[in-house]
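Written out below as structure tokens is the structure these notes cover.
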Amino acid sequence: MVENGFKSSFMREAAARGFIFQCTDADALDALMAEKSVAAYIGFDPTADSLHVGSLIQIMMLRLLQKHGHRPIALVGGGTARIGDPSFREEARRLMTEDIIQTNLAGIEGCLRQFLTFGSGASEAALVNNADWLDKLAYIDLLRDVGVHFSINRMLAFDSVKNRLEREQGLTFLEFNYSILQSYDFRELNRRMNVVLQLGGSDQWGNIISGVELVRRTDQKSVMGLTTPLLTTSSGAKMGKTANGAVWLSEKRLPVFDYWQFWRNTEDADVGRFLRLFTELPLEECARLEALQGAEINEAKKVLATEATALCHGRNAALAAAEAARQTFEEGRVAAADLPVHEVAEADMAAGIPVFRLFAEAGLVKTNGEARRLVRGGGARLNNDVIQDENKLITQQDMVDGAIKLSAGKKHHVLVKVGVSA
RNA sequence: GGAGGGAUGCCCGAGUGGCUAAAGGGGGCGGACUGUAAAUCCGCUGGCGUACGCCUACGUUGGUUCGAAUCCAACUCCCUCCA
């Protein structure tokens, strides 16, 4: 373990692994955690029915809390989702309907269960929905109780608000209230579950300290905030983008193979950082892998991919993905087992399916046009052979060992099989 | 309430009547080179069973015109100054 002066095991490990960006009072938090188990929360917005790697650092924080005997609370913003966080956004978020929010809540809970053990024990995770209290708020009461403690002058000075005002985008009163409600959440969780720490990305700093102050002013209690660094790759790109969108944690949205591939394709310069943040390998092992030079660092990337995937999808699925990758990339085998599978109806296959359409249906590209361009650009392969004709009909004749392998570029592969469910 | 400025494709940003599916950049995707990396270079980047063509697109709705992102009117939203 790297020496960093902290006494509590949680803070020592969190700091050593690179989770800490800012903290309202690191020493006080350290002392408290060294003394007893504390409850801490992170909020997630139900903007989709799955979380993605953009939230993974937060989830890993919750896991770390649990590991060290503290209680992780995941707050899902069923109430605040109906407002939208203005922080660092270009424009007002589309307001979501209640139905969508409910569906998303269930999906997010599923994601979290992949990483955390839920229950009512002192170090067992809990999931709460702020709609439970926000929906009941009465406006005048809220203004008198909470509104008096918020200074417009200060709110205007927050980067999140300031940016919006300085750009020509504007900010509605609705959005302006987001940080007030987030502060209210913090106080409510403190009162209900004795939560004393709010975690979040560095973009949440303003919202977090607003909550800390609210609790101090109304309840005379000292609670704390801790933020994680904003994650970008070493070359500056935002993390979590892939060919067809975000890197989802739900298998329904992103096959395990692709999730493994995402980590396998990490830039050299990020390997050490990601090993510390997204795997639970000992720090010595992370350092050893990080130090590998040249092509040897590919071994580190494979470890990173398998470990990170194991946390999300289970070790068996991760090993299967690793093996599928090995067969595909290292042996060049056509139909490696455990590649993502796309099923088509037998009748369709018998009639023949144009390749460009099959690429779109299999999810390798988003539209037929994109598939055509892929073929024209020489990036489309059928069983490892470059496809020349974008209109080529695919039939049973193209099957090898009961499957057809379609590839978009060198890294994206799907097996097409005939199936009943299609 | 008064005066002025603005709204363009995923993002930024040119474009003031036809040659504009709309310059340029970013991002994304593909190719080359590599190590399934980075950097670099090249290509592609609205939809549709393709080329031809059709459809959709420059805040919204109408209008002028053979023809409109470009002109006119009303509306919506945003910015700045005055009250």
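Letters go in sequence order (proteins before strands), and every chain restarts at 1.
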Pick the C1' atom in B/G59 and in B/G9, then give their distance to the nearest Å. 14 Å
Using the C1' atoms only, state how far B/U76 lies from B/G47, rounded to an integer number of Å. 28 Å
Between B/C77 and B/C71, how far apart are the two P atoms, rounded to whole Å? 23 Å
Rounded distance in Å - CD (A/Glu370) to P (B/G31): 13 Å
Look at A/Glu390 together with A/Arg373 and state whether they make a salt bridge at an N to O cut-off of under 4.0 Å. no
Distance check needed: B/G49 C1' versus A/Lys392 NZ, whole Å only. 16 Å
If the C1' atom of B/G46 is compared with that of B/A22, how far apart are they to the nearest Å? 12 Å
Using Watson-Crick or G-U wobble geometry with both distances under 3.5 Å, which nucleotide pairs with B/G30? B/C42
Under 3.5 Å, is there an N or O donor on one side and an acceptor on the other linking the side chain of A/Asp268 and the base of B/G35? yes
side-chain hydrogen bond (donor to acceptor under 3.5 Å, both in side chains) between A/Asn207 and A/Gln204, worked out: CA-CA 5 Å; A/Asn207 291 336; A/Gln204 292 299 308; 3.1 Å; yes
Keeping to residues at least two apart or across chains, list the side chain to side chain donor-acceptor pair (under 3.5 Å) pairs with something in residues 307-317 of chain A. A/Glu307-A/Arg315
Atom NE2 of A/His412 to atom C1' of B/G28: distance rounded to whole Å? 12 Å
Rounding to an integer number of Å, can you tell me how far A/Ile297 CD1 sits from B/A37 P? 13 Å
Specify the separation, in whole Å, of atom CG of A/Asp389 and atom C1' of B/A51. 13 Å
When you measure from the side-chain N and O atoms of A/His413 to the phosphate of B/U36, is any distance below 4.0 Å, counting only OP1 and OP2? no
Integer angstrom distance from the C1' of B/A57 to that of B/C10: 14 Å
Starting from the 5' end of RNA chain B, give me the residue, A/Lys410 or A/Pro354, whose nearest nucleotide shows up first. A/Lys410
May I ask you to say what A/Thr266 touches in the nucleic acid, namely base, sugar-phosphate or nothing, with a heavy-atom cut-off under 4.0 Å? sugar-phosphate
From CH2 (A/Trp205) to OG1 (A/Thr24), nearest 0.5 Å: 5.5 Å
Salt bridge check, A/Glu284 against A/Arg288: does any charged N sit closer than 4.0 Å to a carboxylate O? no
Base, sugar-phosphate, or nothing: which does A/Arg376 touch, judged by heavy atoms less than 4.0 Å apart? sugar-phosphate
Categorize A/Asp270 for me: base, sugar-phosphate, or nothing, with a 4.0 angstrom heavy-atom threshold over every strand shown. nothing
Pairs satisfying ring-ring contact (aromatic ring centres under 6.0 Å, His included), at least one member in residues 359-382 of chain A, at least two apart: none
Quick one: A/Arg264 CZ to B/U34 C1', roughly how many Å, whole number? 12 Å
B/C11 and B/U61: how far apart are their C1' atoms, nearest whole angstrom? 28 Å
Please confirm whether the shortest side-chain N or O distance from A/Asn368 to OP1 or OP2 of B/G49 is below 4.0 Å. yes
Would A/Gln66 and A/Glu124 satisfy side-chain hydrogen bond (donor to acceptor under 3.5 Å, both in side chains), going step by step from the backbone distance to the final call? CA-CA 7 Å; A/Gln66 187 155 57; A/Glu124 289 183 313; over 6 Å; no
On RNA chain B, more 5' by nearest nucleotide between A/Arg357 and A/Ala269 is A/Ala269
Contact class for A/Glu330 vs. all strands (heavy atom < 4.0 Å): base, sugar-phosphate, or nothing? nothing
Salt-bridge test for A/Asp145 and A/Arg187: reply yes if a basic N is under 4.0 Å from a carboxylate O, no otherwise. yes
Just name whichever nucleotide pairs with B/G53, Watson-Crick or G-U, keeping both distances under 3.5 Å, else none. B/C48
When both distances are under 3.5 Å in a Watson-Crick or G-U wobble arrangement, the nucleotide paired with B/A3 is B/U80
Rounded C1' spacing from B/G26 to B/G35 in Å: 28 Å
Using atom P in both nucleotides, what's the gap between B/C58 and B/A68 to the nearest angstrom? 13 Å
Using a 4.0 Å heavy-atom cut-off, does A/Ala408 contact any base of the nucleic acid, only the sugar-phosphate backbone, or nothing at all? sugar-phosphate
What protein N or O atoms touch nucleotides 22-25 of chain B N or O atoms at under 3.5 angstrom, if any, and at what distances?
none

Of all the choices, B/G30, B/G35, B/U36, which nucleotide is nearest to the side chain of A/Ala325 once you look at every atom? B/U36
Between A/Asn265 (CG) and B/U34 (C1'), how many Å, whole number? 13 Å
In Å, rounded to the nearest 0.5 Å, how long is the span from CH2 of A/Trp248 to CG of A/Asp49? 7.0 Å
Under 4.0 angstrom, heavy atoms only, what part of the nucleic acid is A/Arg326 near: base, sugar-phosphate, or nothing? nothing
B/G59 pairs with which nucleotide, Watson-Crick or G-U wobble, both distances below 3.5 Å? B/C75
Gap between atoms CG and P, on A/Leu374 and B/G49 respectively (whole Å): 16 Å
Atom of A/Ala318, atom of A/Ala310 and distance for their closest heavy-atom approach: CB-N, 3.5 Å
Counting any heavy atom closer than 4.0 Å, what does A/Arg373 reach on the DNA or RNA strands: base, sugar-phosphate only, or nothing? sugar-phosphate
